[in-house]
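By convention in this document, chain letters (A, B, ...) are assigned in the order of the sequence lines, proteins followed by strands, and residues within each chain are numbered from 1. The structure presented is a predicted model; accordingly, all values stated were derived computationally and were not measured.
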Amino acid sequence: MKHILTCVVLVLVRSLTAIGSDKEVSAFLTNHCAQCHGAKTQKADRRFDKLPTTIAKLDDLERYQEIVDQLNLGTMPPEGAKQPSPEQRARVITFLTQKLESARASFKSPHGQSELRRLNSWEYRQTLGDLLGLNVDVWNPAEDFPAEVKVEGFDNNGASLVTSGILLQHYFKAAEEAIKRATHFEEQPVSRHYAQQTPFYFNGKEAEGLPKLFRPDRFRFIPDTPYTDLYGRHYRGGHLGFLPLHQQGGVKHSGMYTIRVRAAALGRTHDYGKALDDFRNGDPVVMEIAAVDRRGSVESTGNVSSMTSLARIELTNEEPQWFEWNVFLDSGFEPEVRFRNGPLSAKRLVRMLLTEASDKPEFQPLLNIENKTAKANGVLKAYQGPRLRVWEIQVDGPHIDNWPGVGHQRIYGDLRPEQLDAATIPQRIEAFAHHAFRRPPVEGELEPIQQLIQDKLKEGVEPLQALQLGCQAILCSPGFLYLNLGEGELSENALASRLSYLLWSSPPDQTLLDLAKAGQLKADLSAQVTRMLADPKSDRFATHFIRRWLDLDNIGTMPPSADFLVFYRDNLENAMRAETEMFFRHVLDNNLPLSEFLGADYTFLNRELATHYGIEGVEGNQLRRVELNNGHRGGLLGQGSLLTASANGVDTSPVVRGIYVLEKLLGYTPPPPPPDVPAIEPDIRGAVTIREQLVKHREIATCAECHRKIDPLGFALENFDAIGGWRDAYAGNAPIDATGQLPGGDSFNSLSQFRSLMIKRQDQFNRALTEKLLTYATGRELGISDRGELDRVLAQFEQSEGGLKDLLTILVESSIFQHK
Amino acid sequence: MSLDQAAAEHVGSATRFPSINTGIVNGTDMCWTRAGVHVPPVNNPATLFRGLFVNSPVEVRRIQETRLKHRGSVLDALRDSARALNRTLNTADRNKLEQYLTSVRDVERRLQMSPEWLNRPKPTPEVDEIKDEERMHLDEVALFYDLMALALQTDSTRVATLETGMGFRTSELNLDSYHGISHHGKTEGRIDQLKVVETFLTTKLSDFISKLKDAQIFDNTLIVFGSGMSDASSHSNRDLPVILAGGGWITRDT
């Protein structure tokens with residue numbers, strides 16, 4: 001009797017202190033987990049019945065961590081299974097959390113290690129640009145490089161980045177070209193004025209040798225008015241070349257130029273009905289300025305071998321107005337004016353007008369004309385629909401305020417070619433290597449290159465060429481190509497590099513290097529983060545991090561089908577990416593809480609994207625903040641970039657979207673499907689919806705386990721089509737059903753309810769984003785041994801009640817960031 | 001690593017080009033080297049024609065020769081520089097830098113081959129020059145097959161590939177976008193359209209086979225034709241359709 005009483009008292013004490021024991025955990029695992037993760041079945045390849053009580057291996061540490069995470073999230077044991085009492089759950093969590101903490105402390109290395117890694121294509125491009133003062137937005141030295149291997153979406157994973165002979169050959173070519181571009185021994189070019197008034201097309205002798213674009217044809221004619229009208233998006237009748245610069249083979253010098261166009265928008269509202277089904281009636285006329293390179297081009301494509309869009313502006317006025325931009329033109333490029341949102345092509349327009357609008361009085365006199373050119377010209381002259389009307393184009397430049405430029409100075413200093421010799425060149429090489437390596441060279445690293453130059457000079461190679469060869473060698477050497485961060489805790493110098501590659505994707509500037517040299521960078525990190533984020537170079541962080549985190553390249557590799565006319569005509573891809581970038585920058589610059597990513601009731605739109613979202617009253621091509629109130633949009637989950645990147649360009653799949661949301665926003669990667677299950681076969685004939693198909697799929701037990709976590713997240717977003725447009729029904733008219741139940745039991749009846757449930761998972765989102773940021777910052781996958789420091793970072797962040805900028809500061813001060 | 005690059009490692013060193021990789025627009029990401037580097041396809045028949053059959057002018061060849069010679073010296077310097085850096089690294093990082101040194105050796109090997117090929121005249125094909133102009137994708141497919149046949153015939157290479165992917169303009173066959181119809185969702189209209197594309201592609205393959213037979217190299221050539229998916233709509237890669245032709249298989253088996 002006395003014995004029994006003691007036992008009762010002991011149990012009471014245990015439950016009061018609310019701390020479990022190994023024995024209790026083991027019993028808990030047997031009772032609640034072993035059925036699926038035991039000797040008989042091992043769902044998701046997890047087996048807990050043999051987990052040792054003492055955590056001696058990293059694998060065991062990882063298993064225990066998973067158990068705690070699942071219990072914390074409330075996703076295990078699954079709904080329908082026998083559930084532990086809340087107290088029991090809490091006791092096991094508390095006990096295991098402490099156990100994990102002490103186990104982690106006992107492991108030798110406090111956390112993972114990154115590997116020596118080379119710059120990826122993106123960093124290489126920015127690094128070369130900053131080092132040599134080149135505009136690499138326009139000239140991409142890494143354009144032809146082989147694509148990088150991505151790990152969890154990130155392309156800077158040191159362990160996976162491959163260096164190959166093919167790549168090295170690309171490095172040679174890029175380095176040679178970069179040095180050529182940076183070298184300017186010639187006099188500073190003077191700014192010149194170029195102008196061209198209507199006509200922009202030419203006949204007879206004047207037209208000799210000119211590309212088709214400058215000559216009249218069925219869809220281009222020399223007007224008898226002081227202006228020229230553009231009719232369609234295609235180059236025939238939709239693009240205007242600029243003869244003064246074409247005649248000299250494009251601009252002679254890369255640099256900033258002022259471009260002015262005197263133009264107006266005509267006929268924006270029309271009554272041609274179906275004949276103009278590819279122009280949205282009443283829209284502004286969008287004028288685009290492009291830089292084109294006609295060298296080595298194929299004649300029939302309008303003689304353009306490559307092009308960059310420089311600017312777009314929306315015109316609504318019928319009276320002529322001057323529009324002006326300051327833009328960068330690369331040498332050899334010339335400007336072109338385009339009717340960006342015009343009907344598909346002037347050719348199609350003429351055909352459509354003659355078939356769908358032939359009853360219009362203005363076309364009556366033309367219907368019987370035999371000559372095709374006269375007929376097409378006549379139709380276009382008589383046509384009253386949307387046109388971009390251009391009077392004059394002017395170009396001024398180049399505007400150069402730094403000559404011969406940073407790159408030239410870094411390579412040659414103030415030396416003229418005739419001052420280069422066996423004595424002066426080594427000093428230049430020494431100085432250049434310092435910049436290129438982002439650190440002093442190690443012993444024996446630079447000598448072989450110096451020797452190479454001396455050998456070449458002895459062979460009789462011109463000193464200028466010998467120096468250039470040496471610089472080329474430096475730009476192909478591991479000292480330049482690899483981020484060498486040393487060992488263990490980062491040195492001040494290595495820290496400067498890691499920080500600048502995080503926020504600028506390029507080398508540390510003089511301020512960072514000076515601080516590092518004085519040993520003061522570590523103490524000044526918070527101020528440096530603020531300073532670096534204020535520099536425009538930090539846009540590279542916003543752009544590239546988002547691109548990797550949200551896999552935005554999906555949009556390019558699986559481009560939306562041509563059926564989505566608005567996607568191309570209204571330039572939605574650019575606007576979508578810009579929306580997410582501006583949103584991210586807004587949260588960052590204003591140091592807003594991470595809850596904005598899930599719950600913000602505003603976003604950043606221009607007219608075209610707003611129209612796509614069904615929001616009225618936004619005008620112009622510039623994105624600006626727009627308040628949201630219809631419950632469809634808000635936070636990342638309503639943004640076109642995410643919704644397009646999580647579809648395939650043709651249709652949506654709740655499974656694909658679900659996995660995407662899990663991975664990107666909640667930081668969970670579901671295991672791959674077992675090999676023996678039948679695939680889901682999309683059926684859009686209308687008889688079976690994707691939901692019905694997935695219900696069937698989930699009847700298979702092995703599928704159900706993961707799909708209960710995946711599918712609901714995708715179903716919640718089914719109201720968005722493959723390019724993020726809103727829809728209430730599928731193409732086959734079946735209504736969209738966006739209801740579901742999240743693992744853990746919360747159910748939702750609509751997208752906005754789902755959003756509220758996601759907001760409840762803010763902690764999980766914060767953890768996911770923090771992990772992504774650290775992965776991007778360190779160039780390695782985080783592992784179980786990083787968990788302790790990661791938890792500490794998250795706790796510190798939560799305590800600070802801070803925003804995204806605070807999180808970044810805490811991250812760069814963390815031990816994970818400051819260790820190799 | 002892809003099959004063509006594996007084959008090129010065995011038989012590629014004897015010819016001017018270890019392999020020839022062609023494709024429509026960006027192809028299908030089909031070809032990968034041993035190191036895991038993507039080999040993008042040549043997508044302009046005129047470029048391929050020039051590479052195979054047009055000799056560069058002497059002055060261009062002289063410039064290239066000088067460049068090759070300098071590059072050889074630069075590679076030597078790079079190797080020594082990398083070794084100096086290597087001494088400061090731990091084991092894991094040394095393994096990483098070893099990849100760089102392997103790349104240097106790889107480029108050196110190619111360089112040794114280059115001067116020889118640079119001055120050896122290219123073969124003269126019995127066809128008209130293929131000019132640089134805009135073409136229908138339909139014509140490009142045919143031209144690439146022709147050029148592959150010529151390349152094999154003139155022993156310019158022994159490994160050749162052609163990729164036709166989502167960038168293939170099916171509008172030239174009066175069809176909807178290739179990607180769009182590939183997600184057919186079991187609708188008859190789209191499946192019928194896919195049949196038109198596939199008939200076109202297999203007809204071109206058949207023409208290619210005839211060409212190789214005419215040139216009497218069919219029995220010495222192994223052709224693999226297929227797709228990375230059996231059904232693009234369900235994204236299934238089970239029961240892949242594969243045609244294996246040539247190589248004198250039948251006689252060898254019996």
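- Taking OG from B:Ser73 and CD from A:Gln451, the interatomic distance works out to 11.5 Å, rounded to the nearest 0.5 Å.
- Between the side chain of B:Lys96 and the backbone N or O of A:Ala159, at least one donor-acceptor pair lies under 3.5 Å.
- With a 4.5 angstrom heavy-atom cutoff, B:Thr102 does not touch chain A via any of its atoms.
- For the options B:Asp106, B:Val74, B:Val104, heavy-atom pairs under 4.5 Å to chain A are most numerous at B:Val74.
- Contact between A:Ile166 and B:Arg110 at its shortest, heavy atoms only, is CG1-NH2, 4.0 Å.
- With chain B as partner, the option from A:Leu116, A:Asp144, A:Val442 having the largest number of non-hydrogen pairs under 4.5 angstrom is A:Leu116.
- Other residues, nucleotides and ligands contribute more than 12 heavy atoms inside 6.0 Å of the CD atom of B:Gln64.
- Annotation for A:Glu489: atom CD counts as buried by contact number, over 12 foreign heavy atoms lying within 6.0 Å.
- Summarising the local packing, CD1 of B:Ile191 is surrounded by more than 12 heavy atoms from other residues, nucleotides or ligands at distances under 6.0 Å.
- Annotation: the span from B:Arg105 atom CZ to A:Leu168 atom CG amounts to 12.0 Å, rounded to 0.5 Å.
- For chain B, no part of A:Gln450 is nearby; none of its heavy atoms comes within less than 4.5 Å.
- A:Ile449 contributes atom CD1, which lies 4.5 Å from atom OG of B:Ser81 (distance to the nearest 0.5 angstrom).
- For the residue pair A:Gln113 and B:Asn90, the shortest heavy atom distance occurs at OE1-ND2, 4.4 Å.
- Per-residue heavy-atom pair counts under 4.5 Å with chain A were compared for B:Arg71, B:Arg67, B:His235, and the maximum is reached by B:Arg71.
- When the candidates A:Gly486, A:Ala147, A:Cys476 are compared by the number of heavy-atom contacts under 4.5 Å with chain B, A:Cys476 comes out ahead.
- Proximity to chain A (any heavy atom under 4.5 Å) is shown, for B:Arg94, by neither the backbone nor the side chain.
- The minimum heavy-atom distance between A:Leu452 and B:Ala77, with the atom names listed, is CB-CB, 4.1 Å.
- The line from CZ of B:Arg83 to CD of A:Glu445 is 14.5 Å long, rounded to the nearest 0.5 Å.
- When the candidates A:Leu167, A:Asp563, A:Val149, A:Leu161 are compared by the number of heavy-atom contacts under 4.5 Å with chain B, A:Leu161 comes out ahead.
- Of the listed residues B:His38, B:His70, B:Arg79, the one with more heavy-atom pairs under 4.5 angstrom with chain A than any other is B:His70.
- Options A:Glu176, A:Arg117, A:Met558, A:Gln465 differ in how many heavy-atom pairs under 4.5 Å they form with chain B, and the most are formed by A:Glu176.
- In this structure, A:Gly479 and B:Leu85 approach most closely via the heavy-atom pair N-CD2, 4.3 Å.
- Closest of all the heavy-atom pairs between A:Asn648 and B:His179 is O-CE1, 2.7 Å.
- With a threshold of 4.5 angstrom between heavy atoms, A:Val162 approaches chain B through its backbone and through its side chain.
- The structure places OG of A:Ser164 at 12.0 Å from OH of B:Tyr100, a figure rounded to the nearest 0.5 Å.
- No part of A:Glu148 comes within reach of chain B, as not one of its non-hydrogen atoms sits under 4.5 angstrom from that chain.
- Residue A:Asp455 places its CG atom among more than 12 non-hydrogen atoms of other residues, nucleotides or ligands, all under 6.0 Å distant.
- Here A:Ser477 is the residue among A:Gly649, A:Ser477, A:Pro560 with the most heavy-atom pairs under 4.5 Å with chain B.
- Separating the CG atom in B:Asp93 from the CD atom in A:Glu487 is a distance of 6.5 Å, to the nearest 0.5 Å.
- Heavy atoms closer than 4.5 Å to chain A are found in the side chain of B:Thr33, but not in its backbone.
- Between B:Leu97 and A:Pro478, the shortest heavy-atom distance links the atoms CD1-CB, 3.7 Å.
- Neither the backbone nor the side chain of A:Glu447 comes within less than 4.5 Å of any heavy atom in chain B.
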